[in-house]
Structure formats: C-alpha cells, structure tokens
Amino acid sequence: MIETAVYDTKPYDREYLGKAAGAERIAWRFHEFRLSSETAAAAKDAQAVCIFVNDHADRECLKTLASLGVKLIALRCAGFNNIDLAAAQEIGLAAVRVPAYSPHAVAEHTVGLLLTLNRKIHQAYNRVRELNFSLSGLVGFDIFGKTVGIIGTGKIGRIAAQIFRGFGAAVVAYDPFPSHDWATANGIQYVELDTLLAASDIISLHVPLLAETRHLINTQSLARMKPGVFIINTSRGKLIDTRALIAALKARHVGGVALDVYEEEEGVFFEDLSGQVLMDDELSHLLVFPNVLITAHQAFLTHEALSEIARVTILNILAQETNEPFLKGTTL
Ligand code: NAD
C-alpha cells in the first residue's frame, strides 16, 4: 500500500479518489486542513502528498516533506503557482499536476456565469420563489453581435472562445503564443492586448498566474476598457487587482463582474463560513454590488473533471512507486 496524505480534502475528493481504478493500492490519509510548513508533519511516513489550489508548498514546507520521506507531490489541479518548483527540484521531490482534467468544465462555467450575471437569472430565481413575478430591473443584453475578448487561448480559453462564437459574438483574442490555425478555423482574430481591452464588450481571463500576469487587470488596463464592460475571471484571483476593480465598479465604468476566483480566496473559498463574520472587507464589498456574481472556485466541479483528476493522480502515484514514467505532460 502506498501511503498518501491528501490535504484540503472535501467530500467529493474522498469519493472520486476512493473509487477510481488503482485506489485500492493506496492507503489514503485524508486531511481537511491545507498543506503549509506548519501542517507538513501530518505527511509523516507518506510516500506521496496530494494537494489542491490553496495548499502552500513553499521551500520550507517541501524541505519538511522530504525529511519525512515524501517522494512525490501530486497536484490535483492544473495551476501550479502554489508550489516552489525550483525548491522541489533542488530537494529532489518529484511534482506532477493534472494539466487538463476538463477544460470544458471551466469554459462552460465561464459562459454560465456570464449568462447568469447578464440575464440576472440568480435574481429572477429568488424573486419567483417569493412570488414576485415582476421583470423590473432584469434587463440584460444579447451576446449575439457583441465583441468578446479572450485573454489566453490555451485549452480553456479556446473552448470558451468557440462557445462565444456559437452565440454569434465576434471574438478577439490575445496570447503571446497565438494559435493562428485555430483562430482562422474559428473566425477569431488575434489582436494586441490594448486593442482587445478597448474593443471588447465582454472580457474573459484564461491565463495562468505568473509574475507577468499578476494584476493584469489593474487601474491602467481597466481605464482602457469600454464603459459598461463585463469581466469574467475563472482563472486565478490574483490576475485582478481587487481594489482597482472595486474603484471601477463604484465609478460605474465596469458594467458587470463574474468571478469564480478571488485574490484572497484562500481560507474562504471551499469553506462553509455561514454564521461567521466575514473578515475580508474587499470581498464583503464585492458581494454587495448587484452587478457582481461570485462562485467559490467551482468551475472545475463536474463529474468528468473529478473522475479525470482522480484517474491521473492515482496513475502518477502508482508510477512513482514502481519507478515508471509519469503520465505524459503531467511532470512539473
Ligand atoms: P493553458 O496552459 O492551456 O493555457 C494558458 C494560455 O495562457 C496559454 O496559451 C499561454 O500562452 C497563455 N498566456 C501565458 N501568459 C499570457 C499572458 N501574459 N497573456 C495572455 N496569455 C498568456 O491553461 P488552461 O488549461 O487553459 O487554464 C488556464 C487557467 O485556468 C489555469 O492556469 C488555471 O489558473 C485556471 N483554471 C481554473 C479552474 C477553476 O476551477 N476555476 C480550473 C482549471 C484551471
């Protein structure tokens, strides 16, 4: 049996990791708390550690894990901004991720958020349940004929772009590594970032969090956008400078914001804090705008995605144990 410490475990993690093929060869140690240098000790005698987006695998934490006998860090997510890869390499810890569990899940949630926000479906749902059948204040706009700007045309951005094309929207895209054949085949035009910001009625972020993409949406980039622009972020919270976004919302420059990720989501998203006092003033502020819609990092949460995350994670844990190569494209 391969001892594996799973951090930040939720019921759906237990369910999908527990029932995937090969799971019976792994002795799962499910922890509800997140990984950090303080909690690394809970991985004592484990060969593998399995973490998610808000776990913190910094240098100190990785050193502790290695000293406890851990050989592999398996991220059950695509983004890997929360692990110090240089430190992992130095220390000799292998690290793998699940690069594409379901780009459709995230792209579909992106579009779902926009439709909900724009057509005010969340408000209508609550109204009708209160027997308020009035339509006042529920006016939205057609996506057909609008210009959608996709920033980052990797796996998720490309699917989102194609869905928006299906609505009859014009799609412009920015990516430092453009996929010209894909763009031509789908009637999508690559433009410079400034052009995209100025031309788009709807802007959707699909870039990883890197030093150069941190606060990509800031006071300057917001000022370049069209008045009334809708912004959707299902990528990483730190792509947006929240203070600048709140200022642009208060100035009514931004027409709507849909977020599945938030700059300071750690310790808040994924948790049931109902009945508690929310200590984050910026999140509190965002929550009271009628034109802001927030989901708590659930874009990935489909049956298909959870099954694929479990499948890839388990195969990599088994591969490490038997000294076989990790699945293609999963090594960090
Ligand atoms: P990907 O690696 O396939 O694509 C990322 C794209 O961004 C690439 O084409 C890359 O060239 C481009 N890029 C890099 N730097 C850029 C920049 N400065 N400006 C514009 N484009 C840039 O990644 P993906 O699978 O499409 O995922 C995108 C992001 O979505 C992930 O990094 C992750 O943070 C996020 N994500 C969120 C969820 C969720 O549940 N909300 C789930 C999965 C992934």
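Atoms considered below: every heavy atom in the structure, side chains included; atoms not considered: hydrogens, waters and symmetry mates. What you see is a predicted model, and the numbers here were worked out from it, not measured in a lab. Every number for a ligand or one of its atoms is a count from 1 in the order of the listing.
For ligand 1, the polar-atom distance check against Phe300 finds a nitrogen or oxygen pair separated by under 3.5 Å. Taking distance alone, with nitrogen or oxygen atoms compared against 3.5 Å, Asp260 approaches ligand 1 more closely than that limit. Where the criterion is an N or O separation shorter than 3.5 Å, residue side chain and backbone included, Leu209 fails it with respect to ligand 1. Taking only nitrogen or oxygen atoms, main chain and side chain alike, Thr213 does not reach within less than 3.5 Å of ligand 1. Of the N or O atoms in Gln298, none lie within a sub-3.5 Å distance of an N or O in ligand 1.
For the 3.5 Å distance criterion, the side chains of His297 and Glu265 qualify, holding a donor opposite an acceptor.
Looking only at side-chain heavy atoms (C-beta outward), Phe300 and Ile309 come within less than 4.5 Å of each other. With a 4.5 Å cut-off on side-chain heavy atoms, Glu321 and Leu318 do not count as touching.
The nearest heavy-atom contact from the protein to atom 2 (O) of ligand 1 is Lys155 NZ, 4.0 Å. Ranking the protein heavy atoms by distance from atom 28 (C) of ligand 1 puts His206 O, 3.5 Å first. Summary of contacts: the protein heavy atom closest to atom 9 (O) of ligand 1 is Asp175 OD2, 2.6 Å. For atom 37 (C) of ligand 1, the nearest protein heavy atom (residue, atom name, distance) is Thr234 O, 3.1 Å. The protein non-hydrogen atom at the shortest distance from atom 4 (O) of ligand 1 is Gly154 CA, 3.1 Å. Closest to atom 29 (C) of ligand 1, if we only count protein heavy atoms, is Ser235 OG, 3.4 Å. Regarding atom 27 (O) of ligand 1, its nearest protein heavy-atom neighbour is Ile156 CD1, 3.3 Å.
The heavy atom nearest to atom 14 (C) of ligand 1, out of those in Pro208, Pro103, Ser102, is found in Pro208. Of all the listed residues (Phe80, Tyr101, Tyr174), Tyr101 holds the heavy atom that lies closest to atom 42 (C) of ligand 1.
Contact detail for Asp8 and Arg76: the closest heavy-atom pair is O-NH2, 2.9 Å. The two atoms that bring Leu93 and Val70 nearest to each other are CD2-O, 3.1 Å, heavy atoms only.
A salt bridge between Glu308 and Arg311 is present, with a side-chain N of the basic residue lying under 4.0 Å from a carboxylate O of the acidic one. A salt bridge links Arg14 with Glu32: the distance from a Lys NZ or Arg NE/NH1/NH2 to an Asp or Glu carboxylate oxygen falls below 4.0 Å. Between Lys238 and Glu266 there is no salt bridge, since no side-chain N of the basic residue sits under 4.0 Å from a carboxylate O of the acidic one.
The backbone N or O of Gly140 sits nowhere less than 3.5 Å from a side-chain atom of Asn118 that would complete a donor-acceptor pair.
Using a non-hydrogen distance threshold of 4.0 Å, Ala100 does not register as a contact of ligand 1. Using a non-hydrogen distance threshold of 4.0 Å, Gly79 does not register as a contact of ligand 1. Residue Arg236 places a heavy atom less than 4.0 Å from ligand 1.
Remark: of the listed residues Thr110, Ile156, Ile217, Ile217 is the sole one forming a side-chain contact (heavy atoms from CB on, under 4.5 Å) with Leu205.
Heavy-atom proximity to Thr153, at under 4.0 Å, picks out these atoms of ligand 1: 9 (O). Residue contact check: His297 has heavy atoms under 4.0 Å from atoms 39 (C), 40 (O), 41 (N) of ligand 1. Atoms of ligand 1 lying under 4.0 Å from any heavy atom of Ala299, numbered from 1 in the order shown and given with element: 39 (C), 40 (O), 41 (N).
For the pair Lys19 and Tyr16, the distance from NZ or CZ to the six-membered ring centre is under 6.0 Å and the angle to the ring normal is within 45 degrees.
Between Phe230 and Phe141, the ring planes lie perpendicular to each other; the angle is over 60°, past the 30° to 60° tilted range. Between Tyr7 and Phe33, the angle of the ring planes goes over 60°, which puts this pair in the perpendicular group of the 30/60° scheme.
By the criterion of a heavy-atom distance under 4.0 Å, neither the backbone nor the side chain of Leu216 is placed next to ligand 1. Within the 4.0 Å heavy-atom criterion, the part of Val106 lying near ligand 1 is the side chain and not the backbone.
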